[in-house]
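Working notes, beginning with the structure itself.
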Number of protein chains: 2
Amino acid sequence: MLGEQKKKERAIPVSVIKRLPIYYRYLTILLSREVERISSRELAAKLGLTASQIRQDLSYFGNFGQRGYGYRVKELQKTIGEILGLNNNMQLVLVGAGNLGRAIVNYPNFSKRGFYFKAIFDNNEEVIGEFIGGIKVLHLDDLAGYLEENEIDIGVIATPPEAAAEIAHQLVRGGVKGIWNFAPVSLNLDKEVIVENVHISESLLTLSFRIKEKYGD
Amino acid sequence: MLGEQKKKERAIPVSVIKRLPIYYRYLTILLSREVERISSRELAAKLGLTASQIRQDLSYFGNFGQRGYGYRVKELQKTIGEILGLNNNMQLVLVGAGNLGRAIVNYPNFSKRGFYFKAIFDNNEEVIGEFIGGIKVLHLDDLAGYLEENEIDIGVIATPPEAAAEIAHQLVRGGVKGIWNFAPVSLNLDKEVIVENVHISESLLTLSFRIKEKYGD
DNA sequence: TAGATTGTTAATCGATTAACAATC
DNA sequence: TAGATTGTTAATCGATTAACAATC
């Protein structure tokens, strides 16, 4: 395909990477509505961005548009999916079978996008043996052994903060490529491992600040 | 206090606001360890930032440090808490009593930081009447009426994406100041309302991209 | 063709980093 | 005082926006 050959070798800024999932989600919706084409201007209006920014972002990966026409939704959605690695069949384990862990495992469309939960671990005897999203909960003590015997790409941490550091180390020793961390701690890990943090409560504090700023003290 | 008088009138960049909760969390940990002082250099090392950046950030709000000494942990923690509005007693309602909603309501320390969940709404007859975190689940149909009779600051949306837009509108009509949105949709709302999105799955796609980028296709 | 919209270069804007005088 | 570290200004870096030739 034309786009791939023209792919630039400049490094992709994090800010661009973070917008790709936003594009992907909206294009998927457009696709389900059988919309065939969309211009950078329309897309920008819907997502609260600028047309320039979208064209600039996409240009990092190739030429997907057609001058005078816009972008073909189906093609662009597929290509962004490929850029994001959604066809790479990632194997995941979850540690922490509380409400948050359950919410994550039961999140729809993960398997459709190539993310497969293979095992769940917890240290609470009461939940061990239980099935969540069709997956049996194993004892946390079996995590290291499990990781030795199975090739896992991503470890998901949904435990209380006290437990997170030790679990992260086990995951790293077990050879995961990335950690998706929901525990409210800064994991100081080897730079080799890619860590994506979701610090839920921090965004509530940000919201609180913005409300205070606007409505006064 | 000295700091407050010197407060600058320049607008606070979003990037700075987003780091305040990070500082706050770590200072709270230091405080629990009875650490008395910390320098911008030490703080930077722990949080993966630069000392310059931290000093620059804090200077938006006043002069909290002491030259040659650093920052008093207790004072700085308290001050950042005030900046974030953690003493403002925010009233919240949650819509959506699934796993994610339960995880949010049961998140520790919210009430300690001034966030109070007052009511929970769902449309699933099976959960209505149930108590979650000590709060009774009411029927979604009662949301509008509840908001009329109670002054709520923040509405939390933890529903499937299809329901989110309509609920957001009800929350806005009901007079909330901010929306904390966990549903994977872009809410196109009146600019008056402050929206903070937590799009969990998008960060998994970002992680996937980074893994793919590093380990090849 | 005429109109529309991309892809890309250049200009602007904003955020981070460096440097250092002020000062505890 | 001497050493340390802030607060702040200036320099750098990076990201966004504007502009427009290329072209469908």
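First the proteins, then the strands, lettered A, B, ... as listed; each starts at 1. Since the structure is predicted, the reported quantities are computational estimates derived from the model, not experimental observations.
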Using whole Å, what does the distance between atom [atom2] of nucleotide [N] and atom [atom1] of [X] come to?
{"X": "Arg41(A)", "N": "dA4(C)", "atom1": "CZ", "atom2": "P", "value": "10 Å"}
{"X": "Asn63(B)", "N": "dT5(D)", "atom1": "CG", "atom2": "C1'", "value": "14 Å"}
{"X": "Phe61(B)", "N": "dG7(D)", "atom1": "CZ", "atom2": "C1'", "value": "15 Å"}
{"X": "Ile38(A)", "N": "dT6(C)", "atom1": "CD1", "atom2": "C1'", "value": "15 Å"}
{"X": "Asp57(A)", "N": "dG7(C)", "atom1": "CG", "atom2": "P", "value": "12 Å"}
{"X": "Arg72(A)", "N": "dT5(C)", "atom1": "CZ", "atom2": "P", "value": "14 Å"}
{"X": "Leu76(B)", "N": "dT6(D)", "atom1": "CG", "atom2": "P", "value": "11 Å"}
{"X": "Glu75(B)", "N": "dT6(D)", "atom1": "CD", "atom2": "C1'", "value": "14 Å"}

My understanding is that only residues two or more places apart in sequence, or in another chain, count here; which of them pass salt bridge (Lys or Arg N to Asp or Glu O under 4.0 Å) with [X]?
{"X": "Arg25(A)", "value": "Glu202(B)"}
{"X": "Arg55(A)", "value": "none"}
{"X": "Glu34(A)", "value": "none"}

TODO: Quick one: stems involving DNA chain C, counted as three or more successive Watson-Crick or G-U pairs, both distances short of 3.5 Å.
DONE: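 Result, WC/G-U stems under 3.5 Å: C:3-24 with D:3-24.
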
Look at [X] and [N] and indicate whether a side-chain polar atom (N or O) is within less than 4.0 Å of OP1 or OP2.
{"X": "Ser15(B)", "N": "dT16(C)", "result": "yes"}
{"X": "Tyr71(A)", "N": "dA4(C)", "result": "no"}
{"X": "Arg37(B)", "N": "dT5(D)", "result": "yes"}

Task: Donor-acceptor pair between Ser39(B) and Glu42(B) side chains, under 3.5 angstrom - done: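 A donor-acceptor contact under 3.5 Å links the two side chains.
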
Task: Between Ser203(B) and Glu196(A): side-chain donor-acceptor atoms closer than 3.5 Å - done: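 No.
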
Task: Reading 5' to 3' through nucleotides 17-24 of chain C, protein heavy-atom contacts under 4.0 Å coded B for base, S for sugar-phosphate only, - for none - done: BBBBBBBB

Open item on the list: Within this structure, what is the CD1-CG distance for the pair Ile83(B) and Leu205(A), rounded to the nearest 0.5 Å?
Closed with: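 The CD1 atom of Ile83(B) sits 12.5 Å away from the CG atom of Leu205(A).
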
Open item on the list: For Asp57(A) and Tyr23(A): C-alpha separation, side-chain torsions, deciding distance, then whether side-chain hydrogen bond (donor to acceptor under 3.5 Å, both in side chains) applies.
Closed with: CA-CA 10 Å; Asp57(A) 284 357; Tyr23(A) 299 149; 2.6 Å; yes

Open item on the list: On a heavy-atom basis, which atom in Leu187(B) and which in Val195(B) lie closest, and how many Å separate them?
Closed with: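 Minimum heavy-atom contact is CD1-CG1, 4.4 Å.
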
Task: Any pair counted as ring pair (Phe, Tyr, Trp, His ring centres under 6.0 Å), so long as it reaches residues 162-182 of chain B, sequence neighbours left out - done: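 The answer is Trp180(B)-Phe182(B).
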
